[in-house]
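Just so it is clear, the model here is predicted, and its values are computed rather than measured. Each chain gets a letter, A, B and so on, in the order the sequences are listed, and its residues count up from 1.
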Amino acid sequence: MGTRLSIAAPDDLSLPRDANSYGYIRLAPDRWDADRQCLCSVLDLDNGPVRLEVAQQERGQLRAVADRALSRSEQSSVRAAMTRMLRLDETEDDIAAFHAIDPRWKTSGRGRLFRSSSLLMDMVRTVTSCNIAWSGTVLMNERFCAVLGRGGAFPSALRLARTRPGTLRSRCRVGYRDTRLIELAKLFTRGEIDEAWMTDPVTPDDAVFAFLKTLPGFGPYAAANMMQLLGRYGFLAIDSEAVRHGKQTLGLTGSEREIVSQLRARYEPFGTHKFRSYWFELWEAYEKAHGPGHLWKPATPRAKASAR
DNA sequence: GGTAGACCTGGACGC
DNA sequence: GCGTCCAGGTCTACC
């Protein structure tokens, strides 16, 4: 007999909209069930892996159903995971502040960006999204969880740190990213990545960004992407998809360098919210082309970041 | 500081 | 079915 638990959410949260705000919802062990409109995931908890289905039946509340009984401590872990993934700790005032700077998203209510249930998972997903088509990222993460994770969950830092590069390369097909991912996991096991420091509002953005760029596999794009995943939205993660958006949707012209420069100028007025302004503009273009994100099926063909 | 080339995979394409 | 080419961001060597 599984456990059912209710999770308090901000009144302005819409699960279909806010879960489908970033492509990581489509990376194992997470999944959006478009038919049942629920968020599915696998978490590795104290007593082993558990499959979860999370739905929203009423305003201000989510309901999670686990496939086995959960201890009190495990229930807290589920709540913490959902809080992180759906950014439930971003208040309505936080979102209103974004809408005050960029009113284009006030009607739709967009403001929250989906992320992973842990910092390590966000970092691995970011590294596996670099220098590869989105379909490759999806495949890598599927294999990563299937090969290394208990019950299909995301592996622990310890498990990843103890994995041989050859295993990652041959069975998870991560290519040259093998040693970078293992080194990253080792930094976690040695306590050299301090999430509290990175999320502390007192820590300057530039210090966090500089630290991220020292991590294996993290260049300017990956570090900027991690900034938004840490709730610091004042950095633009410029990749080939951003340039494509500039050309195709915004009609920018010139060399790639000139387009990047125009993109930076375009989003500069949004200050500490610029990533969200950029991202929701990009996401809106995807939804215009493919329909609402919460109706996308896993097989819907999409370009790389259209699923990000 | 800027630039070129290697890294690795999956997919598209031509034969 | 096979071989070739290409996209994608980071890293390192070199100027």
Side-chain angles (χ1 to χ4, degrees), chain A residues 22-24 26-28 115-116 119-148 160 163-188 192-193 206 208-230 232 235-249 252 254-261 263-264 267 275 278-279 282-283 285-286 289-290 297-308:
Chain A
Y22 201 66
Y24 287 5
R26 279 147 218 281
L27 296 180
R115 61 180 171 175
S116 312
L119 178 62
L120 172 64
M121 204 188 299
D122 269 338
M123 288 185 167
V124 169
R125 285 173 164 181
T126 296
V127 170
T128 58
S129 71
C130 287
N131 201 27
I132 192 161
W134 177 253
S135 58
T137 306
V138 171
L139 217 55
M140 269 190 236
N141 281 273
E142 266 175 25
R143 288 168 171 164
F144 203 77
C145 293
V147 172
L148 302 177
L160 179 54
T163 302
R164 284 181 300 200
T167 304
L168 274 187
R169 192 176 279 237
S170 62
R171 298 186 64 196
C172 304
R173 314 296 290 170
V174 302
Y176 65 88
R177 303 166 190 82
D178 54 359
T179 49
R180 296 177 190 176
L181 291 169
I182 291 167
E183 286 306 311
L184 190 60
K186 285 181 178 169
L187 291 174
F188 273 88
E192 291 174 26
I193 293 183
D206 289 341
V208 177
F209 186 65
F211 172 73
L212 287 167
K213 281 199 292 181
T214 68
L215 298 177
F218 283 79
Y221 163 76
N225 192 53
M226 277 310 303
M227 290 296 280
Q228 67 89 3
L229 291 164
L230 288 162
R232 296 173 182 266
F235 286 67
L236 281 181
I238 302 279
D239 61 356
S240 56
E241 186 63 8
V243 173
R244 188 206 57 76
H245 173 68
K247 284 182 188 169
Q248 289 184 8
T249 308
L252 304 181
S255 67
E256 186 170 323
R257 183 175 290 193
E258 287 165 342
I259 288 172
V260 168
S261 164
L263 285 170
R264 293 200 181 284
Y267 299 108
F275 181 83
Y278 154 66
W279 186 257
L282 188 63
W283 197 265
Y286 296 150
H290 302 291
K297 301 287 176 94
T300 303
R302 261 163 274 123
K304 176 179 178 178
S306 66
R308 267 186 186 168

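The ring-ring contact (aromatic ring centres under 6.0 Å, His included) search around F188(A) returns none, not counting sequence neighbours. With sequence neighbours left out, D178(A) forms a side-chain hydrogen bond (donor to acceptor under 3.5 Å, both in side chains) with R169(A). With sequence neighbours excluded, the residues satisfying ring-ring contact (aromatic ring centres under 6.0 Å, His included) with Y267(A) are Y278(A). Every residue meeting the side-chain hydrogen bond (donor to acceptor under 3.5 Å, both in side chains) condition with N225(A), not counting sequence neighbours, appears here in chain and number order: Y22(A), Y24(A), T126(A), Q228(A). Residues that satisfy the salt bridge (Lys or Arg N to Asp or Glu O under 4.0 Å) test with E258(A), not counting sequence neighbours, are absent from this structure.
Going from atom CH2 of W134(A) over to atom C1' of dG9(C) covers 15 Å, rounded to whole Å. dC7(B) atom C1' lies 12 Å from atom CE of M140(A), rounded to whole Å. The nearest whole Å value for the distance from the CG atom in N225(A) to the C1' atom in dT10(C) is 14 Å. When the P atom of dC7(B) is taken as reference, atom CG of L168(A) falls 19 Å away, rounded to whole Å. Regarding I132(A), its CD1 atom lies at a distance of 10 Å from the C1' atom of dA7(C), rounded to whole Å. Taking atom CD of residue E256(A) and atom P of nucleotide dG9(C), one finds them 9 Å apart after rounding to whole Å. Here the C1' atom of nucleotide dG9(C) and the CG atom of N131(A) are 5 Å apart, to the nearest Å. Spacing between atom CG of L139(A) and atom C1' of dC8(B) amounts to 14 Å, rounded to whole angstrom units.
Between V124(A) and M121(A), every side-chain heavy-atom pair lies at or beyond the 4.5 Å cut-off.
With dG8(C), dG10(B), dT9(B) as the candidates, the nucleotide lying closest to the side chain of R169(A) is dT9(B). Among the nucleotides dT10(C), dG8(C), dG10(B), the one closest to any side-chain atom of C130(A) is dT10(C).
For S240(A), a side-chain nitrogen or oxygen approaches OP1 or OP2 of dG8(C) to under 4.0 Å. For R143(A), a side-chain nitrogen or oxygen approaches OP1 or OP2 of dG10(B) to under 4.0 Å. Side-chain N/O atoms of R257(A) include none lying less than 4.0 angstrom from OP1 or OP2 on dG2(B).
R171(A) CZ to R143(A) CZ: the interatomic distance, rounded to the nearest 0.5 Å, is 11.0 Å.
Axis orientation changes by 30° from one end of the helix from dG1(B)-dC15(C) to dC15(B)-dG1(C) to the other, with each end axis drawn from 5 pairs and the value rounded to 10°.
Annotation: salt bridge (charged side-chain N to carboxylate O under 4.0 Å, His left out) contacts involving residues 210-227 of chain A, sequence neighbours excluded, are absent. Screening residues 122-138 of chain A for salt bridge (charged side-chain N to carboxylate O under 4.0 Å, His left out), with sequence neighbours left out, gives D30(A)-R125(A), R84(A)-D122(A).
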What pairs of nitrogen or oxygen atoms, one from the protein and one from nucleotides 11-15 of chain C, lie under 3.5 Å apart?
from: dC11(C); atom 1: OP1; to: G217(A); atom 2: N; distance (Å): 2.5
from: dC11(C); atom 1: OP1; to: F218(A); atom 2: N; distance (Å): 3.4
from: dC11(C); atom 1: OP2; to: F218(A); atom 2: O; distance (Å): 3.2

